[in-house]
Amino acid sequence: MSAIKYTFQIEKDDFSRAGEASSSIKKILMQVGSEPSLTRRVAIATYEAEMNIVIHSDGGTISVMIDPKCVMVLAKDNGPGIENIELAMKEGYSTATDRIREMGFGAGMGLSNMKKCSDEFSIESKIGEGTTIMMNMCVKEGE
Amino acid sequence: MKVKEVCQKINLGLLAGGEGLEREITGLYICDLLSWVMSHAVKGNAWITVQTHSNIIAVATLLDMSCIIIPEDMEVEEETLKKANEEKMPLLRSSQNSYDLVKEFLNHGIGK
Ligand SMILES: Nc1ncnc2c1ncn2[C@@H]1O[C@H](COP(=O)(O)OP(=O)(O)OP(=O)(O)O)[C@@H](O)[C@H]1O
Ligand SMILES: [Mg+2]
């Protein structure tokens, strides 16, 4: 079976639809009978990527490539980019505003959650251009 | 124990998501930081939170939690109720605070 690919558009500041892309991705994985702990990891990672695009970026896309044993996630946005990636990756670091924090975002855990869920994780960012995150997740031996 | 049975034992009001009442509660989780919840809560948890915006439904659904409980009679947005119904995620409310809710759960031996 060849990989199936889906792409979701994510709008900046659209809190009423935030979470729909990751929920749709999870439903697709459940439909194709993906292994539950892989599904959970993809759900967490795509949720965090989606919320970061909504909260911190000017909008972007999340694409998933699904094959029976592995899921590849590509989260891409149109800026503003991250100045210091190492700092952004630190647990607890967040530039979220008070309004966003009151909603329960801004623990500074999103990027490290994504990394923890991934077998391969890479992040590239350029100020003025945008941020691209690539994650690959595969079924673990014995699952 | 099923969400339905817990609603009967503890005085919890059903706000939305009634189609999910057969879900099984395996434990309780209390936190209001969403990405912390995302990395620590597990399938079957009943989640007590003071967040009332619609994103809590996405979090609970993505993690396969059993229900969401809003403490202290807080107001919940219309959008959140709508999403809870769509996702069949039971959204419950109590007049008690989180601590007293936990005591009730323990008294009934739920989640042990
Ligand atoms: N797509 C993005 N574009 C621009 N900046 C970003 C992006 N994603 C993350 N950042 C920056 O990196 C910081 C850390 O991100 P991370 O997801 O770890 O935490 P957070 O979003 O602030 O809080 P949480 O995810 O716990 O709700 C953010 O506060 C923000 O400054
Ligand atoms: Mg984040």
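Every chain is numbered from 1 and lettered A, B, ... according to where its sequence line falls, protein lines coming before strand lines.
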With the 4.5 Å side-chain cut-off for hydrophobic clustering, are [X] and [Y] part of the same group?
| X | Y | answer |
| --- | --- | --- |
| V42(B) | L38(A) | no |
| I66(A) | M72(A) | no |
| V71(A) | L74(A) | no |
| L33(B) | M109(A) | yes |

Item to check | Pair listing, side chain to side chain donor-acceptor pair (under 3.5 Å) test, anchored in residues 10-25 of chain B, at least two apart | outcome: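 Checked against side chain to side chain donor-acceptor pair (under 3.5 Å) - neighbours excluded - the pairs reaching residues 10-25 of chain B are K2(B)-E22(B), K4(B)-E22(B).
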Do chain B and chain A have donor-acceptor pairs under 3.5 Å, and which are they?
| unit_1 | atom_1 | unit_2 | atom_2 | d |
| --- | --- | --- | --- | --- |
| L34(B) | N | G104(A) | O | 2.8 |
| S35(B) | O | N113(A) | ND2 | 2.9 |
| A41(B) | O | R40(A) | NH1 | 3.3 |
| A41(B) | O | R40(A) | NH2 | 3.1 |
| Q51(B) | NE2 | E102(A) | O | 3.3 |
| H53(B) | NE2 | M103(A) | O | 2.7 |
| N55(B) | OD1 | Y47(A) | OH | 2.4 |
| N55(B) | ND2 | A18(A) | O | 3.0 |
| T61(B) | O | K26(A) | NZ | 2.8 |
| D64(B) | OD1 | K26(A) | NZ | 2.8 |
| D64(B) | OD2 | K26(A) | NZ | 3.4 |
| K83(B) | NZ | S16(A) | O | 2.4 |
| E87(B) | OE1 | K27(A) | NZ | 3.2 |
| E87(B) | OE2 | K27(A) | NZ | 3.0 |

Checklist entry - Would the number of heavy atoms belonging to other residues, nucleotides or ligands and lying under 6.0 Å from CE of M30(A) be above 12? => result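 Atom CE in M30(A) is not packed in, count stays at 12 or less.
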